[in-house]
Amino acid sequence: TGNRMDRTIKFTAGLILVCIVGFLLIVGRNLLIPIVIAIFIWNLLNTLNTALHKIPVVGKNLPNGLSWLLSLIIVCGFVWILMEIIGNNVNDVMSVAPRYQANLASILSRLENHYHIKSLSSFDVLLKNVDVQAILLSIYSVFTTLMSSGLLIGLYVVFLFVEQLYFKQKLNLLFPQREHRQLVDRITTQIINDTQIYLGLKTLMGLITAVSSWMIMSWIGLDFAEFWALLIFFLNYIPNIGAIVATAFPAALALIQFQNWVPFAIMTSGLVAVQFIIGNLIEPRYLGRSLNLSPLVILFALSLWGMIWGILGMFLSVPITVIMMIVFSHFEPTRSFAILLSQDGKIKY
């Protein structure tokens, strides 16, 4: 009876703790999101620095200061390109969104009148309830939020690198006992390695997908090809549904813009082929070895973090889940949760 009472108390305490943490994540999202984005950029800079040192021949002889400078230049260059694309395309895309929506409704109406298919009217009703401009505005708001918090995020990144210099020293002082210090060091090392592998490979695969898609869309002559390529790059961070949404937006625009099935079919086939080759053949070969996350858990994490932090939560759902699984795997009471989160039940600890 005493053991059962202890288990009940522990379960209740754990449930209360989860509720408190969830409440704080929702209430403190405006404070936490810039910090999380700063950690993402800090991790990305470390990943780039590590990757530069792994370049054959040149990497071994590359000075550490120069590699950090090159990593910073790459990230700053990417941010500059991001701002240019957003500044030059987003307002134009949102201004023509109502016209695109009206053209799509007109296409469905013509199909219904020509083929006398009454069931298409349901699509017309559904389309009228979908506000394309509102969807694009929500995506644009994510970018503007990041840009408006750019200075704060930059300061966080700088101080993260300052903390990085003294982390080992603080770790030794926090955990005087050797076995405890080794455990914490092992957990943090595994978290850093796994998240760097994920972010590095995901970023590389996203760039290849975006550039390949941009070449296809530019060849077809699709409007705002740079913007859609940028959207494809970011949506590829969202597991499972990201690739579907990334293909659906330019495909719908192609159908509306050309009002012809040939360019629509060519472009959509090309985008689907790129997503399939990279997402199902190349990426799992390298990424699957490092994550070992259950697809069902990924989908649930995507929904959960999307509900808590919106689109940014979807981007960060997989790294956060990987960190949780690593931490859970190193402690006996929570190891069962790590096994449930994993794909095959084999966890590293």
Side-chain angles (χ1 to χ4, degrees), residues 74 77-108 110-111 123 127 130-144 146-147 201-283 311 314-315:
I74 292 171
F78 178 77
V79 172
W80 179 79
I81 293 172
L82 172 67
M83 293 176 66
E84 283 292 310
I85 293 175
I86 292 173
N88 295 332
N89 289 274
V90 171
N91 290 330
D92 294 335
V93 172
M94 288 194 295
S95 65
V96 298
R99 178 166 59 86
Y100 288 156
Q101 188 166 352
N103 289 346
L104 185 55
S106 176
I107 291 172
L108 290 177
R110 288 201 304 270
L111 285 173
F123 288 99
L127 189 67
V130 176
D131 191 344
V132 177
Q133 192 170 18
I135 295 173
L136 292 173
L137 190 61
S138 65
I139 297 172
Y140 179 56
S141 66
V142 174
F143 294 129
T144 53
L146 293 179
M147 296 306 168
L201 287 175
K202 203 66 174 170
T203 301
L204 178 61
M205 294 299 129
L207 283 172
I208 296 173
T209 304
V211 172
S212 303
S213 302
W214 173 78
M215 293 173 65
I216 294 171
M217 292 184 291
S218 298
W219 176 61
I220 294 295
L222 186 71
D223 291 340
F224 316 113
E226 296 85 2
F227 173 77
W228 299 118
L230 178 66
L231 191 62
I232 287 171
F233 172 76
F234 280 103
L235 286 174
N236 270 273
Y237 280 102
I238 301 178
N240 302 326
I241 68 169
I244 299 173
V245 177
T247 306
F249 272 109
L253 178 62
L255 181 63
I256 299 167
Q257 177 184 333
F258 300 110
Q259 301 198 13
N260 189 315
W261 289 101
V262 176
F264 164 77
I266 293 174
M267 194 203 72
T268 305
S269 301
L271 295 182
V272 170
V274 169
Q275 292 283 358
F276 179 81
I277 292 171
I278 294 176
N280 294 278
L281 299 179
I282 299 176
E283 191 174 285
I311 296 176
M314 294 181 179
F315 290 139

Quick check: closest heavy atoms across Met267 and Ala254, and the distance to 0.1 Å? CE-CB, 3.7 Å
Atom CG of Asn236 and atom CD of Gln275: how far apart are they, to the nearest 0.5 Å? 4.5 Å
From Ile277 CD1 over to Ser212 OG, what is the distance, rounded to the nearest 0.5 angstrom? 9.0 Å
Roughly how far apart are Ile278 CD1 and Ser213 OG, rounded to 0.5 Å? 7.0 Å
dist Met205:CE -> Ile208:CD1 (nearest 0.5 Å) comes out at 4.5 Å
Heavy atoms of Ala229 and Met217 approach each other most closely as N-CE, 3.7 Å
At what distance, to the nearest 0.5 angstrom, does CD1 of Ile232 lie from CH2 of Trp214? 12.5 Å
Please identify each residue that fulfils side-chain hydrogen bond (donor to acceptor under 3.5 Å, both in side chains) with Ser269, with sequence neighbours left out. none
From Phe233 atom CZ to Thr203 atom OG1, the distance as rounded to the nearest 0.5 Å: 5.0 Å
For Thr268, which residues count as a side-chain hydrogen bond (donor to acceptor under 3.5 Å, both in side chains) partner, sequence neighbours excluded? none
